[in-house]
Amino acid sequence: AIVMAIRLHLPPNGKRLIYDLTPFGLPEVPYFAAMNLPFTSTALPTHTHKERMEINHILKGERVYRVGGKDYHLRGNQIFLTWPDEMHGTGSYLHGRGLHFWMQVALPKPGKRLLNFDAGSAAPLLESLSTMPRRQFRADPGMRDIVLRTLDTLRQGPSGLAGIELVALWSPRFRLSLTAPRAPGAG
């Protein structure tokens, strides 16, 4: 039911929704995007994001990413990370069908705020991000609902409580998802 509801938020035929979360109180997330791709598409050229980490959530479907000569095969409800300035793309693989969400996060220098955490609270999250044992893993089951609620909030715009709600929605879940221990073989 949640997947169906998310599809209602997205444009058909592979068009992307792209938001800058700066007006919502998250200046470190200048790019949050969603796409429902009902067909395979051309390969994603190799590229990089200057000083930004990219977090991809394949909600449904499949996709392959190529980083450092290695292919990572993703299926529904998996997360894939690329580090700042790291070359990545889909290699010779086509863009797979499915529901795909991704965001770019500008990681601050030590001692600065991150995702509405003060510098002291952000430090463990930054440490966690920089020492992730894997770049591919299963998403927290609650992420599906958060993606849907995020799209609802973004559609309302950054007025009033919408920005506060978005920060409250992502900050704890983001921190929990990236700091929770992973089961062996989780990616």
Side-chain angles (χ1 to χ4, degrees), residues 2-3 6-7 10 16 21 26 28-37 40 43-44 46-49 51-108 114-117 121-151 166-187:
I2 290 175
V3 170
I6 291 172
R7 281 192 185 141
L10 298 177
R16 299 175 182 188
L21 274 57
L26 294 171
E28 306 90 347
V29 186
Y31 195 93
F32 177 90
M35 179 171 59
N36 178 21
L37 195 57
T40 56
L44 177 66
T46 301
H47 64 285
T48 186
H49 305 288
E51 300 178 358
R52 293 183 188 163
M53 171 181 228
E54 187 170 70
I55 301 167
N56 293 275
H57 181 197
I58 308 303
L59 187 65
K60 185 175 181 184
E62 55 188 54
R63 179 150 300 149
V64 176
Y65 285 102
R66 185 179 225 356
V67 178
K70 182 176 178 185
D71 293 334
Y72 295 86
H73 297 263
L74 284 82
R75 295 205 177 272
N77 205 34
Q78 287 193 318
I79 290 179
F80 184 76
L81 308 173
T82 58
W83 312 119
D85 305 306
E86 182 174 50
M87 298 297 290
H88 63 283
T90 60
S92 61
Y93 293 91
L94 296 176
H95 246 309
R97 297 185 299 198
L99 293 169
H100 177 209
F101 300 87
W102 67 105
M103 64 182 184
Q104 295 174 12
V105 180
L107 299 180
L114 174 64
L115 298 175
N116 214 32
F117 292 115
S121 298
L125 178 56
L126 282 170
E127 173 69 18
S128 221
L129 287 170
S130 65
T131 59
M132 290 294 292
R134 297 181 181 94
R135 68 171 65 244
Q136 177 183 353
F137 51 91
R138 197 140 213 55
D140 179 297
M143 287 301 291
R144 291 173 189 251
D145 184 49
I146 286 176
V147 167
L148 179 61
R149 290 175 55 200
T150 299
L151 290 173
L166 191 60
V167 170
L169 201 66
W170 273 95
S171 296
R173 180 64 69 175
F174 186 73
R175 185 175 193 175
L176 176 65
S177 293
L178 294 177
T179 58
R182 311 281 179 261

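Remember, predicted model here, so these are calculated numbers, not experimental data.
Here the side chains of R52 and E54 are not in contact, with every heavy-atom distance at 4.5 Å or above. V29 is listed as a side-chain neighbour of V105, based on a closest heavy-atom distance under 4.5 Å. For the pair F32 and W102, the minimum side-chain heavy-atom distance is 4.5 Å or more. Inter-residue side-chain proximity for R138 and N77 is flagged as met; some heavy-atom pair is nearer than 4.5 Å. No side-chain heavy atom of I55 sits under 4.5 Å from any side-chain heavy atom of Q104.
R97 CZ to M35 CE: the interatomic distance, rounded to the nearest 0.5 Å, is 13.5 Å. Separating the NE2 atom in H57 from the CZ atom in F101 is a distance of 8.0 Å, to the nearest 0.5 Å. Taking CG from L26 and CE from M103, the interatomic distance works out to 8.5 Å, rounded to the nearest 0.5 Å.
Under the rule for a salt bridge (charged side-chain N to carboxylate O under 4.0 Å, His left out), the partners of R66 that lie at least two apart in sequence or sit in another chain are D71.
The nearest pair of heavy atoms linking L107 to P84 is CD1-CG, 4.1 Å. Pairing each heavy atom of L94 with each of A43, the nearest pair is CD2-N, 4.1 Å.
Just one residue in the list Y65, F80, Y93 forms a ring pair (Phe, Tyr, Trp, His ring centres under 6.0 Å) with H73, and that residue is Y93.
At distances below 3.5 Å, at least one donor-acceptor pair connects side-chain atoms of R135 with backbone N or O atoms of L81. For H88 (side chain) and T46 (main-chain N/O), no donor-acceptor pair under 3.5 Å exists by modelled atom type. The closest donor-acceptor contact from the side chain of T48 to the backbone of E86 lies under 3.5 Å. No donor-acceptor distance shorter than 3.5 angstrom exists from the side chain of R75 to the backbone of E62, with no hydrogens or angles considered. A donor-acceptor pair is defined here as one N or O able to donate and one able to accept, closer than 3.5 Å; such a pair exists between the side chain of D85 and the backbone of E51.
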*Report the C-alpha distance between R63 and L37 in whole Å, list the side-chain angles of each, state the deciding distance to 0.1 Å, and finish with yes or no for side-chain contact (heavy atoms from CB on, under 4.5 Å).*
CA-CA 11 Å; R63 179 150 300 149; L37 195 57; 3.9 Å; yes

_T82 vs V67, test: side-chain contact (heavy atoms from CB on, under 4.5 Å). Steps then yes/no._
CA-CA 8 Å; T82 58; V67 178; 4.3 Å; yes

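Side-chain contact annotation: N36 with H100, donor-acceptor N/O pair under 3.5 Å absent.
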